[in-house]
Visitor: 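Encoded as structure tokens, here's the structure I'll be asking about.
Keep in mind that the numbers below use all heavy atoms, side chains included, and drop hydrogens, waters and symmetry copies. Here is the naming used below: chain letters follow the sequence lines, and residue numbers restart at 1 for every chain. None of these values were measured; they are calculated from a predicted model.
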Amino acid sequence: MDLSPGTDITPPSLSAGVISTQLESIIYIGVRLAWSLTLKNPSCYLGSMTFKGPRSFELTIPSRLEEMQAVHELVGKAVKEYKLNDELAHWIELTISESMINAIQHGNQADPAKEATLRISSNGDSIEIIVEDQGCGFKLDKVADPTDTANLLKPSGRGILIIRSFMDEVDLTEREGGGCRLRMVKKIRGAPQ
Amino acid sequence: MPAAYGEKDPGGPAMSMVLNARRLDDVVILDLSGRITMGEGTLILRERIQKLLGAGDRKFLLNLADVDYIDSSGLGELVSSFTTVRNHGGQLKLLNLTKRVQDLLQITKLLTVFEVFNNEAEALKTMK
């Protein structure tokens, strides 16, 4: 069945009592439902939220700060799935929020035509978070130290410090074709409860 | 309360900041609750302090007892408030930090900037 956008989807015959046909009918109903929701809520389509399995979550949003609510909702689902305690959940949410805001504001220059993508996965011992943008607004080793006396009273520049302080691994790489990929890992096994 | 985790309200909408002002003599105590984050949360604080400064107030005590989520923009707003008040010849101090906020102020070395108190009466004594 061709399910690509714009394809005119017609229901398969329900008359034949063949299992594969029934399955196709169920798929059809699901596709129609998803299509209907997409048309009713374009923001939902742009910020496509995908549940990829029991240990992996993904979200792509246009570069608008208003879309951050979807990020917080996805993180809420992930920390529940991973059964994180409140403390870990808090810091995971904060670091993800900081990195997505960085991607939107500094990477994509708040251009809604550009997207920021968040992936959260866990192997049970650690959580891996990947944030990708289409702009690459900074380099980790070039970020000014906000704890330097000269910078202490500046109103911005603390996001990366917060991320680095909480995460066990942080690395930033340039993506092929443009943009940056921030990868962060937090060990959760043996973390204080 | 911030967005909850686990069994409380997973993935629920995050509540933004609520600010209530009260006055003891010439000190304005701002009781903050919720989340101080980029956008509405920081704007509420900024506008309130600017309004109070405009009305002649110069002594501010920010009670953060019910704030347990603050992001880098929220921290930036605290710093901006501090410098704005100081530039007007006033003082701004912090009261009742939660552990999470205290940890963030420690990480960012902002504990070296702000005077922090765990007791309102003691804080007020220093602002006479």
Side-chain angles (χ1 to χ4, degrees), chain A residues 49 51 57 59 64-102 104-106 110 143 145-166, chain B residues 1-16 34-43 45-46 49-50 67-87 92 98-115:
Chain A
M49 188 185 293
F51 180 65
F57 298 82
L59 171 69
R64 287 192 296 256
L65 288 175
E66 297 91 319
E67 303 287 340
M68 283 300 294
Q69 182 60 35
V71 171
H72 290 286
E73 287 173 7
L74 189 75
V75 175
K77 287 183 172 69
V79 299
K80 187 185 179 193
E81 167 73 17
Y82 302 150
K83 296 182 172 57
L84 300 186
N85 64 54
D86 279 2
E87 203 58 24
L88 265 175
H90 169 82
W91 293 105
I92 290 282
E93 181 184 6
L94 181 59
T95 50
I96 287 176
S97 176
E98 294 289 349
S99 52
M100 284 296 281
I101 288 173
N102 263 336
I104 289 171
Q105 288 202 310
H106 302 297
V143 177
D145 180 2
T147 66
D148 191 284
T149 310
N151 300 324
L152 265 182
L153 292 181
K154 289 185 178 171
S156 59
R158 298 179 177 85
I160 294 297
L161 173 66
I162 291 171
I163 292 168
R164 280 180 146 158
S165 299
F166 174 70
Chain B
M1 293 290 290
Y5 301 107
E7 297 305 313
K8 297 171 193 167
D9 182 21
M15 187 180 136
S16 61
R35 302 180 147 217
I36 310 179
T37 58
M38 173 170 281
E40 193 183 356
T42 54
L43 199 61
L45 179 61
R46 187 182 317 158
I49 286 187
Q50 281 175 348
V67 173
D68 71 350
Y69 187 101
I70 182 166
D71 65 8
S72 62
S73 296
L75 291 176
E77 196 56 44
L78 292 184
V79 171
S80 291
S81 298
F82 174 83
T83 53
T84 301
V85 170
R86 195 179 64 174
N87 290 342
L92 183 147
T98 61
K99 184 178 181 308
R100 289 170 182 171
V101 174
Q102 171 116 10
D103 287 348
L104 275 179
L105 289 177
Q106 176 112 37
I107 290 166
T108 53
K109 291 196 178 171
L110 289 176
L111 282 179
T112 64
V113 171
F114 292 102
E115 274 191 76

Visitor: So which heavy atom on Tyr69(B) is nearest to which on His72(A), and how close?
Guide: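 Residues Tyr69(B) and His72(A), closest heavy atoms: OH-CE1, 3.8 Å.
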Visitor: Sort Leu153(A) into side chain, backbone, both or neither according to what part of it lies under 4.5 angstrom from a heavy atom of chain B.
Guide: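 Contact with chain B: backbone and side chain both.
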Visitor: Exactly one of Leu104(B), Val79(B), Asp71(B) should register a side-chain contact (heavy atoms from CB on, under 4.5 Å) with Arg158(A). Which one does?
Guide: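 Considering Leu104(B), Val79(B), Asp71(B), a side-chain contact (heavy atoms from CB on, under 4.5 Å) with Arg158(A) is found only for Val79(B).
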Visitor: Rounded to the nearest 0.5 Å, what separates atom CZ in Arg100(B) from atom CG in Asp86(A)?
Guide: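 CG of Asp86(A) is found 6.0 Å from CZ of Arg100(B).
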Visitor: Going from OG1 on Thr147(A) to CG on Leu110(B), what distance comes out if it is rounded to the nearest 0.5 angstrom?
Guide: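 These two atoms lie 9.5 Å from each other.
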Visitor: Below 4.5 Å from any heavy atom of chain A, which atoms of Thr37(B) appear? Answer side chain, backbone, both or neither.
Guide: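 Contact with chain A involves no heavy atom of Thr37(B) at all.
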Visitor: Glu98(A) side chain to Ser72(B) main-chain N or O, any donor-acceptor pair under 3.5 Å?
Guide: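 Yes; judged by distance alone, with no hydrogens or angles, the pair exists.
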Visitor: I'd like to know if Lys99(B) pairs up with Glu87(A) as an ion pair, taking the criterion as any Lys NZ or Arg NE/NH1/NH2 lying under 4.0 Å from an Asp or Glu carboxylate oxygen.
Guide: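 Looking at Glu87(A) together with Lys99(B), the answer is no, because their closest N to O distance does not fall below 4.0 Å.
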Visitor: With sequence neighbours left out, which residue pairs that include part of residues 73-84 of chain B fulfil the side chain to side chain donor-acceptor pair (under 3.5 Å) condition?
Guide: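 Residue pairs passing side chain to side chain donor-acceptor pair (under 3.5 Å), neighbours aside: Arg46(B)-Glu77(B).
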Visitor: Please state whether the side chain, the backbone, both or neither of Ser97(A) comes within less than 4.5 Å of a heavy atom of chain B.
Guide: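 When you check distances to chain B, only side chain atoms of Ser97(A) fall under 4.5 Å.
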Visitor: Dump the intermediate steps for side chain to side chain contact (heavy atoms under 4.5 Å, CB included) on Trp91(A) and Asp103(B), then the final yes or no.
Guide: CA-CA 11 Å; Trp91(A) 293 105; Asp103(B) 287 348; 4.1 Å; yes
Visitor: Hey, what do you get for NZ (Lys109(B)) to OG1 (Thr149(A)), rounding to the nearest 0.5 Å?
Guide: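 OG1 of Thr149(A) is found 7.5 Å from NZ of Lys109(B).
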Visitor: Considering all heavy atoms of both residues, which atom of Leu161(A) and which atom of Ile107(B) are nearest to each other, and what is their separation?
Guide: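 Minimum heavy-atom contact is CD2-O, 3.6 Å.
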Visitor: Gln105(A) versus chain B, heavy atoms under 4.5 Å apart: side chain, backbone, both or neither?
Guide: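 For Gln105(A), side-chain heavy atoms alone lie under 4.5 Å from chain B.
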Visitor: With rounding to the nearest 0.5 angstrom, report the CG to OG1 distance, Leu152(A) to Thr108(B).
Guide: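 Reported to 0.5 Å precision, the distance equals 8.0 Å.
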Visitor: Between chain B and each of Pro155(A), Pro146(A), Ser156(A), count heavy-atom pairs under 4.5 Å; write down the option with the most.
Guide: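 When all of Pro155(A), Pro146(A), Ser156(A) are compared, Pro155(A) has the most.
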Visitor: If I measure from the heavy atoms of chain A, does Ile70(B) come under 4.5 Å with its side chain, its backbone, both, or neither?
Guide: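 Backbone of Ile70(B) only, per the 4.5 Å heavy-atom cut-off to chain A.
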Visitor: Kindly indicate whether the side chain of Ile101(A), heavy atoms from C-beta on, has any atom under 4.5 Å from the side chain of Met38(B).
Guide: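 Yes. Closest side-chain heavy atoms under 4.5 Å.
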Visitor: List the residues meeting salt bridge (charged side-chain N to carboxylate O under 4.0 Å, His left out) with Asp145(A), not counting sequence neighbours, and say none if there are none.
Guide: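 None.
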